[in-house]
Structures are given as structure tokens and as C-alpha cells.
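Written out below as C-alpha cells is the structure these notes cover.
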Amino acid sequence: VGVRQVVEQDTSETEWLKQRLAIVERKAAEADFRERLARDESRETRELMAQYLPGSLKGLPQDSSTYQLRTIASVTNSTVRDLRIERGTSLLEKAKEEFRSKKFEFSNRQLRELLALYPDSLHAPEARFLLAEGLYQVRDLEGCVEVIEEMIRLYPESELTGFALLRLARIYESRDRIEDAAEVYRSISSHFTQEELKKQAKEALKAVDL
């Protein structure tokens, strides 16, 4: 019986991870087109121009004589932003590969690097969500809770935050904080509209709200 319970628990955890990755993949699709930006051979040159050209324009008159230079500066600044998106995407993809392979220590490291370099990027919500899950898998529950609390503060309406809250509630359950867990499940049911999320919250609430 003990072996059967362990197998069932592992299977359940695997399904949980598959569901979460599916959600992340769907969210990532919204930004996929950005990966193809700024891939021409001159991108490094343009990045340097964006870094140094704006400073050289300070003090110059705002007239037609500097219009072309200012236009170049504007375009190259936009290129730098695109390059940052591309680099953030690369880090996220590497982290997701490690996550799928259950190499959570490695994926956590990649995700922390992404968030340190690009804390406000389009990929930050996904990165924090996967980091929370990865920390849970290596049993760093305090770190997991901290990341989930960041998500609540930064992305209160995000569907990913809702699923992260499910994980938070389960951590509460494991610590015998049943009423706190029940309150989180109620909050998910009240504040989020995604059907699968609401369904899981309601089912979990029934199990603890005796």
C-alpha cells in the first residue's frame, strides 16, 4: 500500500507540473513574435549606438539639423529593448528545458538570472511562476512562498498568480494551517474567472472545509 501511495503521489505531481507548463506555454505564445526581432548582422553596432548616441545629443539644438541623429537614436533605443526581450526569451527557454527535465536547481538558477537582469520584462510573470514551482520541488518552501507573495503584489489579476495561489494553499495544508488554506481557496474562487482554476480551488476547498 505504501508503494502504491508513493506512485500515486508522484503521478499526481507529474500531472500538476504538466498542467502548469501548459499554462505557461499558452501565455508565452502571446510574446513569441518578439523573438524574431533584431537578428540582423548589425545589431551589435546598433546596440552600441543606442548606448552612446543619446548622450552625444545632449545640448544640441532641437531643430532640423539634428533630426536625423535623433531619429537614429530613437530607433536604436527601440532595438536595445528588443534585444533585451530576445535575451530574456532565451533565458526563459533554457530554464523551461531544465524544468521539463526536472533539473530544478538549474532551472531555478536560470530563472533567478532572468529576473535579476530583466525584472520588468514580459517574461517576468512566467519566470516567477516557474521559479515558485521549482523552489517547491526542491523543498525550499520559504523561498516558494516569497515568490508567490511577489506575484500577488505584482500581478494580482494574472491567471498564473491564481495557480501559484493553489500551491500556496497546499503549502498551508502541509503545515496544518487548514483555515488559511481554505481562505486562499475561497479567494481564488471569488477573484479569478479561469474555469480550470476555479474548479481546482472549489474541489480543494471541499476537501478541507469539513
Side-chain angles (χ1 to χ4, degrees), residues 17 19-39 43-44 46-55 73-171 184 187-188 191-192 194 197:
L17 291 176
Q19 289 177 8
R20 300 303 168 270
L21 278 172
I23 294 165
V24 169
E25 294 289 356
R26 189 171 69 252
K27 291 293 183 182
E30 299 172 2
D32 278 349
F33 77 97
R34 298 178 185 275
E35 298 179 27
R36 298 175 178 82
L37 297 175
R39 293 185 182 275
R43 66 182 184 179
E44 290 183 2
R46 288 191 290 167
E47 183 175 2
L48 287 172
M49 290 174 64
Q51 182 177 354
Y52 295 110
L53 185 57
S74 175
V75 170
T76 51
N77 273 327
S78 176
T79 298
V80 168
R81 288 193 296 272
D82 293 340
L83 286 168
R84 288 172 179 167
I85 291 171
E86 184 179 13
R87 289 169 182 166
T89 299
S90 177
L91 283 172
L92 182 63
E93 288 305 316
K94 289 178 182 177
K96 284 158 74 171
E97 287 177 12
E98 303 288 2
F99 190 95
R100 292 187 188 98
S101 300
K102 298 187 178 182
K103 298 177 181 178
F104 300 113
E105 293 284 0
F106 294 100
S107 68
N108 292 347
R109 193 178 308 154
Q110 293 279 355
L111 293 164
R112 287 193 185 281
E113 181 181 355
L114 189 159
L115 291 169
L117 292 172
Y118 314 113
D120 301 319
S121 78
L122 292 173
H123 301 303
E126 299 168 50
R128 284 190 167 89
F129 175 79
L130 286 175
L131 179 57
E133 282 295 308
L135 290 170
Y136 178 85
Q137 297 302 321
V138 299
R139 309 314 295 167
D140 183 356
L141 299 187
E142 294 303 325
C144 175
V145 171
E146 287 179 7
V147 175
I148 294 173
E149 288 175 345
E150 284 182 2
M151 293 184 68
I152 295 169
R153 177 172 56 84
L154 295 171
Y155 328 113
E157 305 300 323
S158 171
E159 179 182 330
L160 290 176
T161 299
F163 280 98
L165 282 169
L166 284 177
R167 177 61 77 195
L168 179 63
R170 294 190 178 186
I171 291 173
V184 172
S187 178
I188 294 170
H191 293 96
F192 292 90
Q194 209 274 346
L197 177 57

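Numbering of residues begins at 1 and proceeds along the displayed sequence.
Sorted by first and then second residue, the salt bridge (charged side-chain N to carboxylate O under 4.0 Å, His left out) pairs involving residues 149-158 (not counting sequence neighbours) are Arg128-Glu150.
Annotation: the span from Ile171 atom CD1 to Glu142 atom CD amounts to 8.5 Å, rounded to 0.5 Å. For the atom pair CZ of Arg139 and SG of Cys144, the computed distance is 9.0 Å after rounding to the nearest 0.5 Å. Taking CG of Leu141 as the reference point, atom CZ of Arg170 lies at 14.0 Å (rounded to 0.5 Å). To the nearest 0.5 Å, the span separating CG on Leu135 from CD on Glu105 amounts to 8.5 Å. For the atom pair Glu126 CD and Leu111 CG, the distance stands at 10.0 Å (nearest 0.5 Å). For the atom pair OG of Ser107 and CG of Leu92, the computed distance is 10.5 Å after rounding to the nearest 0.5 Å.
Side-chain contact check for Arg167 versus Glu133: some heavy-atom pair is nearer than 4.5 Å.
Closest approach of Phe129 to Leu160, counting heavy atoms only: CD1-O, 3.5 Å. Residues Thr161 and Met151 come closest through the heavy atom pair OG1-O, 3.6 Å. Across Ala124 and Pro119, no two heavy atoms sit closer than the pair CB-O, 3.4 Å.
In this structure Phe192 satisfies the ring pair (Phe, Tyr, Trp, His ring centres under 6.0 Å) test with no other residue, sequence neighbours excluded. Glu113 meets the side chain to side chain contact (heavy atoms under 4.5 Å, CB included) test with Leu91, Gln110, Leu117; sequence neighbours excluded.
Within the 3.5 Å criterion, the main-chain N or O of Val184 finds no donor-acceptor partner in the side chain of Ser187. A donor-acceptor contact shorter than 3.5 Å links the side chain of Ser121 to the backbone of His123.
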